[in-house]
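As structure tokens, the structure follows; a few thoughts come after it.
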Amino acid sequence: MKPRKKSPKKVERRDFLKIASLTGVGGFIASKTSAASILSPNEKSNVVVVEDTNATDKSTKTVDAATVKKMVDRGIKTYTGIDDVGMAWKSIFPDITVNSVIGLKVNTLFQTKNTGTHPQVAYAVAEGLALMDFGGTKFPENNIIIFDFHNNYLAWQGYTINQTSQGVRCFPSSQYASESNDISGPKVKLSKIITETIHYMVNIAYLKHHFLSGVSLCMKNHYGSIQNPSVSPLLHESGRYGSPYIAALNALEPIRLKQKFCIIDALYGVISGGPSGAPSVNPDKIIMGQDIVAVDSTGRELLKSNGLAQSQV
């Protein structure tokens, strides 16, 4: 097992509006088999990084669902310090009831294999949520919604569209709030899944470089939560790294209040030509935590350690 590395810089809350300039929260403990560790950059924001080299098959470039499930379970138990998976997840959501609805915002923008949130990761989270117990009643699978921006993207990445009253639901955003929200200039409309349907949200992003914003992780994932990310050229303006729009979007009340946990699927990753580039690294890791800045900063450092050029971020 590798020794714990010291954090080069603490993640300060005043840096929220400058996510692109964060230097990271440090290293992680990992081994050849499943392992997890808590990182405490400022003794307030913990991040768990789980690694298991059995999560993917290097020859077929496929993902092993059983291993991923063990990784997600290990991660949430390590993060919360609770050894029961259902109880661990339940502790994340304040005042949750058996009637609450939880949304899992994934990232499935492109058709290229292994370039989005893997279904194995999202469904592993859903399986853990379904273990939450309410006086002998388990949390209904149908109260879990996996969602993203486009229907065809979800299907391309291997998700099964389900809008029935049975099982975990999975469908794209098709309706958006009538009210526009100002994000430091551009005005955007949030998905009604976020504003009207769910009570809590888990953000499940993918590890990748972005040619304009530097990285595309949990914060950038919410560009898929708005009606039209191209509504304003400012959202993808070259040279600004998405500042201040990405942070302003994440500060909107429906996102800020409902989002309770953040995950980066780092089984594979894109370190150049992102966001549409083919996966170029295979870290076999999952990053988890409640502080979106700390989680994204950890993902950024992982990209850098795998070859992402400093000039790109």
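We use all heavy atoms of the structure for the numbers below, so side chains are in, but hydrogens, waters and symmetry mates are not. Positions are given from 1 along the sequence.
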How long is the straight-line distance from [atom2] of [Y] back to [atom1] of [X], given to the nearest 0.5 Å?
X: Leu154; Y: Thr160; atom1: CG; atom2: OG1; value: 10.0 Å
X: Thr67; Y: Asp284; atom1: OG1; atom2: CG; value: 9.5 Å
X: Ser225; Y: Met201; atom1: OG; atom2: CE; value: 6.0 Å
X: Leu267; Y: His118; atom1: CG; atom2: NE2; value: 5.5 Å
X: Lys189; Y: Tyr176; atom1: NZ; atom2: OH; value: 11.5 Å
X: Ile246; Y: Ser184; atom1: CD1; atom2: OG; value: 11.5 Å

Where [X] and [Y] come nearest, the two heavy atoms and their spacing:
X: Asn99; Y: His199; answer: O-CE1, 4.1 Å
X: Met219; Y: Ala247; answer: CE-CA, 3.8 Å
X: Pro279; Y: Tyr268; answer: CB-CB, 4.1 Å
X: Val50; Y: Gly75; answer: CG2-CA, 3.7 Å
X: Ile144; Y: Ala126; answer: CD1-O, 3.5 Å
X: Ala55; Y: Met71; answer: CB-SD, 3.6 Å

**Request:** Could you note down all residue pairs passing side-chain hydrogen bond (donor to acceptor under 3.5 Å, both in side chains) where residues 251-263 supplies at least one of them, sequence neighbours left out?
**Result:**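 Matches after skipping sequence neighbours: Asn203-Gln259, His222-Gln259.
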**Item:** Summary of side-chain hydrogen bond (donor to acceptor under 3.5 Å, both in side chains) pairs that have at least one residue in residues 121-137, sequence neighbours excluded
**Value:**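 Qualifying pairs: none.
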For the hydrophobic clusters of this structure (ILVMFWY residues joined by side-chain heavy atoms under 4.5 Å, transitively), does one cluster hold both [X] and [Y]?
X: Leu131; Y: Trp89; value: yes
X: Ile193; Y: Val101; value: yes
X: Leu249; Y: Leu257; value: no
X: Tyr223; Y: Phe149; value: no
X: Met87; Y: Val98; value: no

**Message:** Between the side chains of Asp64 and Lys69, is the shortest nitrogen-to-carboxylate-oxygen separation below 4.0 Å, so that they form an ion pair?
**Reply:**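 Here Lys69 does not pair with Asp64 in a salt bridge, since their nearest N and O are not under 4.0 Å apart.
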**Request:** Under the side-chain contact (heavy atoms from CB on, under 4.5 Å) rule, what do Thr56 and Thr62 come out as? Steps first, then yes or no, please.
**Result:** CA-CA 6 Å; Thr56 61; Thr62 54; over 6 Å; no
Would you say the side chain of [Y] lies within less than 4.5 Å of the side chain of [X], judging by non-hydrogen atoms?
X: Cys218; Y: Tyr206; answer: no
X: Thr298; Y: Val49; answer: yes
X: Ile102; Y: Met132; answer: yes
X: Ile145; Y: Leu104; answer: no
X: Val47; Y: Asp291; answer: no

**Request:** Hey, can you tell me if Phe139 and Phe134 have their rings parallel, tilted or perpendicular (30° and 60° cut-offs)?
**Result:**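 Judged by the thresholds at 30° and 60°, the geometry between Phe139 and Phe134 is tilted.
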**Asked** Is the Tyr153 ring parallel, tilted or perpendicular to the Trp156 ring (thresholds 30°, 60°)?
**Response**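 Aromatic pair Tyr153/Trp156 classed tilted.
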Can you check whether [Y]'s main-chain N or O pairs, donor with acceptor, with [X]'s side chain at less than 3.5 Å?
X: Ser100; Y: Ile96; answer: no
X: Tyr245; Y: Gly185; answer: no
X: Ser280; Y: Ile271; answer: yes
X: Asp73; Y: Val85; answer: no
X: Ser297; Y: Val293; answer: no
X: Lys58; Y: Thr53; answer: yes

Taking distance alone, no hydrogens or angles, what donor-acceptor pairs closer than 3.5 Å link side-chain atoms of residues 168-175 to residues at least two apart or in another chain?
residue : atom : partner : partner atom : Å
Arg169  : NE   : Asn142  : O            : 2.8
Arg169  : NH2  : Asn142  : O            : 2.9
Ser173  : OG   : Ser191  : OG           : 3.0

Do the side-chain N and O atoms of [X] and [Y] include a donor-acceptor pair separated by under 3.5 angstrom?
X: Lys208; Y: Asn107; answer: yes
X: Lys61; Y: Asn114; answer: no
X: Asp148; Y: Thr108; answer: yes

**Message:** If the test is side chain to side chain contact (heavy atoms under 4.5 Å, CB included), which one of Ile264, Ile204, Val68 qualifies with Ile286?
**Reply:**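 In the set Ile264, Ile204, Val68, the residue that makes a side chain to side chain contact (heavy atoms under 4.5 Å, CB included) with Ile286 is Val68.
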**Residue among Asn306, Val215, Leu302 satisfying side chain to side chain contact (heavy atoms under 4.5 Å, CB included) with Leu207** =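 Option passing the side chain to side chain contact (heavy atoms under 4.5 Å, CB included) with Leu207: Leu302.
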**Request:** Not counting sequence neighbours, which residues clear side chain to side chain donor-acceptor pair (under 3.5 Å) with Thr164? List them please.
**Result:**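 Thr164 satisfies side chain to side chain donor-acceptor pair (under 3.5 Å) with Asn162 once adjacent residues are dropped.
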**Item:** Residue list, side chain to side chain donor-acceptor pair (under 3.5 Å) with Asp84, at least two apart or on another chain
**Value:**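 Testing Asp84 for side chain to side chain donor-acceptor pair (under 3.5 Å), a comparison that skips the adjacent residues, returns none.
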**Item:** Validation row, ring centre Phe261 to ring centre Tyr79 under 6.0 Å
**Value:**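 Centroid separation for Phe261 and Tyr79: below 6.0 Å.
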**Message:** Between Leu190 and Leu252, does the side-chain contact (heavy atoms from CB on, under 4.5 Å) criterion hold? Intermediate values first, please.
**Reply:** CA-CA 9 Å; Leu190 289 173; Leu252 293 179; 4.1 Å; yes
**All side-chain contact (heavy atoms from CB on, under 4.5 Å) counterparts of Ser59, not counting sequence neighbours** =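 So Ser59 forms a side-chain contact (heavy atoms from CB on, under 4.5 Å) with Asp57.
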**Message:** Please evaluate residues Ile76 and Ile92 with respect to the criterion side-chain contact (heavy atoms from CB on, under 4.5 Å), reporting the C-alpha separation (whole Å), side-chain torsions for both, the decisive distance (0.1 Å), and the verdict.
**Reply:** CA-CA 9 Å; Ile76 192 63; Ile92 295 296; 3.9 Å; yes
**Request:** Please check if atom CG in Asp95 has more than 12 non-hydrogen atoms from other residues, nucleotides or ligands closer than 6.0 Å.
**Result:**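 Not more than 12 within 6.0 Å, no.
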**Request:** Decide side-chain contact (heavy atoms from CB on, under 4.5 Å) for Asn221 and Lys105; before the verdict, give the C-alpha distance in whole Å, the side-chain angles of both, and the deciding distance to 0.1 Å.
**Result:** CA-CA 8 Å; Asn221 193 23; Lys105 170 61 179 76; 2.9 Å; yes
